[in-house]
Structures are given as C-alpha cells and as structure tokens.
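First up is the structure itself, then whatever we jot down about it.
Here is the naming used below: chain letters follow the sequence lines, and residue numbers restart at 1 for every chain.
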Amino acid sequence: MKILRILTLLLLSFSVIARMSADELLQVADKFRSPYQYAQLDIRIDDFKNGTIKKSRNYKVYHQDGQSLVDVLDGADKGNRVLLSNKGMYVAPKRSSRAVRITPIQRLLGQASYGDLAGLKFSKNYTPSIIEEKDDVTVLELIAKKSSATYHKIILSITNDNQRPVDAKAYLVSGKLYKQMQYDVEGELLKTITYKGKNKNKKTIMTFISVKDKKIPKRLLTSRGMRNAIR
Amino acid sequence: MKLLVLALFLAGIANAKFVNQVTIISHSYKVDRGGDWEASNVAATLRDTEKTNGIVSFSGDIEGVEYQFKRDTETDKNIVQKLFYIADVNDNLSVQFGKFSENWQLGYAFNPLGLTDPYHPANNDDDLNEKLGINAVVVRYSMEDVHLDFYTSNDNKERNNVRGHGYKSQAVHLNYLLSDETDIIMVAHNKEEVKLGVGAGFRSIVNDNSKVYGSFFTRKGTTIPSVPAPIPMTAPPPLTDRTKDGKQYTHAMLGWHWTSDNNFSIIAETSQDDRGLSDSEYQNMNIAYLTLVRPVGIRQQYNFLRVSKVMGEHEFSLARRMSSDDSALNTFKWRYDINDNLQLNASYSKTTGGADGEYKAYFPDQSNTQLILYYNLDF
C-alpha cells in the first residue's frame, strides 16, 4: 500500500512536470540568469581569437521589469551607459548629454551584441513553443514578440530535470543562423555564456561574476535619465 | 604646470570618492584667416589666430548631488557646468532642480525643439562647446508608454536675444511611444517677450540599420531681431524687433541616419528656419550686424551631411553644412583612442563658396585646424 502510494505520487509529479507549458519552462530557465525581480549583475566579457583573449571588458547591469541599464566599467568606453527599455535600446556616451538609439543586434564586443548583455530574460521578448522532447532535454522555439527583440528566433535547449539552459541558436529574420550560445551553470545560476559566430577561431565568453538584489529608480530607465547618478 | 598641479590635487580629492571623473583637455587651434578679416578693426573683434589653451573638468556626485566644474585657461574662468539633485517622490514621479542641461534634441545638426539649451553648439562635431547648464526645475512623470516633463528655467544671464540668453521660460514636454519603432514628442514652450509656441517631433526605426526623425516648432514672434532696409553703416547698428510683429515663425527639420554592420554611418538632415534672414534681408547685412550671427547660421535653409567610419580605435568623419547660397562649412575629423584614458581629436575645417556667401563672409573662425587631446581619469 505504501509502495502504491509512493508510485502514485511519483506518477503525479512526473505528469505535473510534463504538463508545464512552454511559457512556464522558459520562465524557470530565465531564473538561472537572475533569481531577483530587481537585480544588479557584475558581468565580464572576454573576446577570444585562436584561444587567446584579445579584449576584456567589465559591466554592471541593473535589470528590472524587463528593462536593463548597463554601466561600462572599463576600456575606452568607460562611463558609457547602455539602456534596453520598453522604448528601445540607447547608448549614451560619457561626454555626451544625448542618447543615441541603436538596435540590440549591434556588436558590443566580439561575438556578443548589445542585446546579449542587456536582454537578460527571454520570457520578456519571446513567445516559446515546445518543438522537441528528448530523454534529457526539451527544445524550445522562441519567436520574437516585438521587432525590438535582439533576434527573430532562438532555438533553446533546456534540461528536463531542472530547466537549466544548455545551448541555443539565434536566427535572423532571413532565417540565417547568426550565432550559437553555450550555457554553463554553476549551482542555481549561470556562470558563463559562450557566443560563437561563423568564424570558428573566434568566440566570446560572458561571465556572470555576481548578482544581488538591487532596485534603481524608474527614471534611470529612460533615454533622458540614463546618464544620471545611480544610487 | 598649473594644470598638472590642479590635476594632482583633484586626484587627491578623487580618492575621497567625491569625484568620478577628471578630464584634462589641451586644445590648440590655428585659424585660416585672410582678406578683409586681417584688417585691424575687424581682427580685434575676433579671437586669436593661433592659441593653445587648457580645460580641466571634474565631475561626480556627492550623496546624489551631481556636479561638473570646469576651469578654462583661455577665459580664465571657473565654470559650473552642472550642479543638480533629483528627488524621487515615488516610482513614477521625480523632481530635478539645480543647474543642468535639459536636452530635447532629436537630430544631429538642427534642433527645432532645443528650446531649453540656448547655448547649443553650432556643430555637434565641436567637442569643446559642451552644452552649459542653466538654472531649472523639472517635474518628471513616467507611465508605461508616456513620459511627461514640466520644465521651468531662469538662466540669470544678461539678455542676448540672438543667442537666447536671459529669458525666463516654462515648458511641457511629452514623449509617447506610438509603437516599438516610433515615438512621438510634443512640446509647448512659454518664453518672456513672445507668445506661447508649440512643436512636435518623431523618431522612427525603419530597420536594423536606419532611422528617420523630424521635428518642428512654431511661435508668433521671435526674440531674434532682423535687419532694417539698407542704411549707411552707423554705430550702434539699429535692429528690427520681431517679438510683437504677429508673424508666425516656424523652424523645422527632417533627418535620416544609416549605420552599416561594420560601423560606416551616414547622417543627412535638412532644415528650414523662418527666423533666419531672407535673401533680401541678407543682402542688407553688413559687418556692423555681426551681433546677429547665431551659432547655427543666419539664413533660413540649410542642409547637412556627415559620413563616418569607425575602424578599431580610429574614427574618421567628414561633415558638410550647406547654406542656401551654396557656401558651406566642411569639417574633416580624425578621432584616435590611444588608450583607455587618452584620446586625440584632430580636425580641419574649411569654409567654401563665393566671397559673399554666408560661410565665407560671416564665419571666418570656422576655417581652422584643431588638435584636442583628452586625458580622462575615472574613479
């Protein structure tokens, strides 16, 4: 009787998991990027060529309500700010009072685009559907909800046991494969994302150094407020 | 030497974390001057033919009070570029007060909605003429797709009706997200001496590489005077007050910006400004009316073209601002990011066109060679 009860419970739990919708699967996968509703992330991007680091940059990303404000911490662009808001993506150079609107797919460093750094949560900008279920992974097709999303389509693989992201392929509107991503998770959080384009000798690694709970004023998430002091 | 000592002193202050950035600028220029502009009575009104000057700027925030101070060795002045505080009332409402530059600019070269920054530079490629802050209070309210600003200012300057100094003003600025690609701006601006003016603008992303934008502003009357019918040269030159003439003055601009995937960029803009001089008024201009020479030009119609290419640490650009009389200001610029802290800017500007053309006759200082070295210390 006891064994029967345990078996019944196990069957029920598997069926609950099996019934998770594509949206729910994607939201769980997004939590590996940041568990907080309002988050401050320290991120480093290393650009590799033939296995050697050519350039590295550090960033501070403030993410909330599906929007992100990025502070460039070093390099010639130190002091620049990047904003991914509901109204679009902007770059504000440090010596300019004017923010310039850009598209998220524009290159930031190496194989990483501005949208890769600022657009943390897929569930905000993409509509998922399950296209394949294998023994250990589920494959989701993510279609951009808006033209302001970084990519038109992403094919994302997540593990069945805890919805941890494994790898992804990003496609343009033309259907062309633009880049591939590989995810490395440590514990409950993403450790690195590796971006690769057509050139096999080049890759870019985004490392998540730390994440903490932090809320910033909403006025900073506008093209005019993005240059103000963050406190 | 003085600049070095000052910079070291500031670096010491920076260690107290009150300072986020110190910038030291060394600026050299040589003006290409010839013809009538060499005459002593004229030359005396213009700046030196050759000069090297330094600017030290430091900026930061102290408990949320943001500031930027500058010292310019050419003018021997200390300048408060900005000094303000933003108080957050709640998640959607904030109040900003102090001295700051409120930028409503949509385009690159022309700015019909630039009502709040009368010190705007003639040329956005002119790195040294940063917009100076003015005393103002702005109440900002944000909603999902709408941002609303209520603005009031008093720059406490001596009145200069051509440059726009010395006027109290109030304005409402609304930014509405029409779609993912397009936002709309609407403005109402009240200024001393003239009627309430209204304006609107738009900015639209066409595709991944290009965007279009435009704006206009219209008002009855203008603080910028005009010139009377031809008279012999007298001093001081009489000017025609247009604040109460009941005429509608409109300034409009349309632009297009394209950027390739490999960082090649083109900006093209056209502008029509009723406040400028008509052809017949321009014919009446003579050297006595130099006070009418505004930063962007004195006529009504202008076109602007800029092409640029970024190659690693280098950016090359060529800009051309064209007047309706076919004279033009052409600027070639090279920017080199030497390292993370040091940047070199070199530019060569040349005015072209006939001797009576606007850029030849009235903008002699714009034909020049400049070298600017920036050293940034970030903390």
Side-chain angles (χ1 to χ4, degrees), chain A residues 38 54-55 57 64-65 71-80 85-90 92-107 113 115 125 144-152 172-174 178 215-225 227-231, chain B residues 20-21 23 57 60-61 63-66 82 84 86 88 90-94 96 100-106 108 117 124 127 130-131 133 140 142 144-145 147 149 173 175 177 179-181 183 203 205 207-209 211 213 257 259 261-263 313 337-343 374 376 378:
Chain A
Y38 310 108
K54 300 312 266 183
K55 202 184 257 191
R57 291 288 181 265
Q64 62 192 51
D65 302 326
D71 211 350
V72 183
L73 300 180
D74 51 22
D77 293 334
K78 181 174 178 177
N80 286 8
S85 76
N86 294 329
K87 288 175 177 280
M89 190 150 214
Y90 298 87
K94 62 185 166 203
R95 272 208 301 274
S96 171
S97 58
R98 220 160 43 102
V100 176
R101 190 162 179 181
I102 62 169
T103 51
I105 207 166
Q106 268 181 245
R107 291 283 168 106
S113 303
N125 288 317
K145 287 180 189 173
K146 304 188 272 194
S147 55
S148 53
T150 310
Y151 308 106
H152 172 66
L172 303 176
V173 174
S174 61
Y178 191 60
K215 188 177 178 186
I216 59 173
K218 234 166 140 176
R219 57 175 167 79
L220 289 170
L221 299 168
T222 62
S223 59
R224 267 176 300 118
R227 279 237 55 92
N228 290 133
I230 298 171
R231 56 177 202 258
Chain B
N20 292 338
Q21 186 178 75
T23 303
S57 154
D61 73 274
E63 299 298 323
V65 176
E66 296 183 44
K82 60 182 181 188
F84 67 88
I86 302 176
D88 291 302
N90 58 39
D91 230 16
N92 296 318
L93 186 65
S94 63
Q96 180 170 346
F100 54 92
S101 171
E102 180 77 356
N103 189 346
W104 293 348
Q105 188 170 353
L106 277 183
Y108 193 89
D117 55 349
N124 268 306
D127 292 305
E130 197 177 344
K131 294 176 202 291
R140 302 192 199 278
S142 292
E144 181 63 33
D145 292 326
H147 294 297
D149 298 331
H173 180 278
N175 189 314
L177 181 65
S179 68
D180 284 349
E181 295 80 26
D183 53 326
R203 183 170 35 200
I205 303 278
N207 53 40
D208 277 350
N209 300 98
K211 60 189 176 200
Y213 47 91
H257 185 178
T259 309
D261 291 341
N262 60 351
N263 292 316
E313 287 77 31
D337 293 323
I338 300 168
N339 58 39
D340 287 353
N341 300 101
L342 200 56
Q343 186 188 88
Y374 289 92
N376 283 306
D378 292 297

Q. Any Lys/Arg nitrogen of Arg219(A) or Asp149(B) sitting under 4.0 Å from an Asp/Glu carboxylate oxygen of the other?
A. no

(Q) Looking at chain B, which one of Asp77(A), Thr222(A), Asn228(A) has the largest number of heavy-atom pairs inside 4.5 Å, strictly under? (A) Asn228(A)

Q | Proximity breakdown for Leu177(B) and chain A, heavy-atom pairs closer than 4.5 Å | A | both

Q: Tell me, out of Gly79(A), Pro104(A), Ala229(A), Pro217(A), who's got the most heavy-atom pairs with chain B below 4.5 Å.
A: Ala229(A)

Q: Considering non-hydrogen atoms only, spot the tightest contact between Thr150(A) and Gly115(A) and give its length.
A: OG1-CA, 3.3 Å

Q) Which bit of Asn341(B) is near chain A, if near means a heavy-atom gap under 4.5 Å: side chain, backbone, both or neither? A) neither

Q. What part of Asp65(A) lies closer than 4.5 angstrom to a heavy atom of chain B: side chain, backbone, both or neither?
A. neither

Q. Where is the tightest heavy-atom contact between Asp91(B) and Lys218(A), given as atom of each residue plus distance?
A. O-CB, 3.2 Å

Q | Heavy-atom pair of closest approach, residues Gly225(A) and Leu220(A) | A | O-CD2, 3.3 Å

Q | Engaged part of Phe84(B) at the chain A interface, taking heavy atoms whose separation is under 4.5 Å | A | side chain

Q. Are Asn376(B) and Thr23(B) linked by a side-chain donor-acceptor pair shorter than 3.5 Å?
A. yes

Q: May I ask you to check whether over 12 heavy atoms, not counting those of Lys146(A), lie within 6.0 Å of atom NZ?
A: yes

Q: Would you mind checking which part of Glu63(B) comes under 4.5 Å of any heavy atom in chain A, side chain (CB onward), backbone (N, CA, C, O), both or neither?
A: neither

Q. Any salt bridge between Arg140(B) and Glu102(B), counting N to O under 4.0 Å?
A. yes

Q.
Counting heavy-atom pairs under 4.5 Å with chain A, which one of Ser179(B), Gly64(B), Ser142(B) comes out on top?
A. Gly64(B)

**Q.** Most chain A-contacting option - heavy-atom pairs closer than 4.5 Å, from Asp337(B), Ile86(B), Asp145(B), Asp183(B)
**A.** Ile86(B)

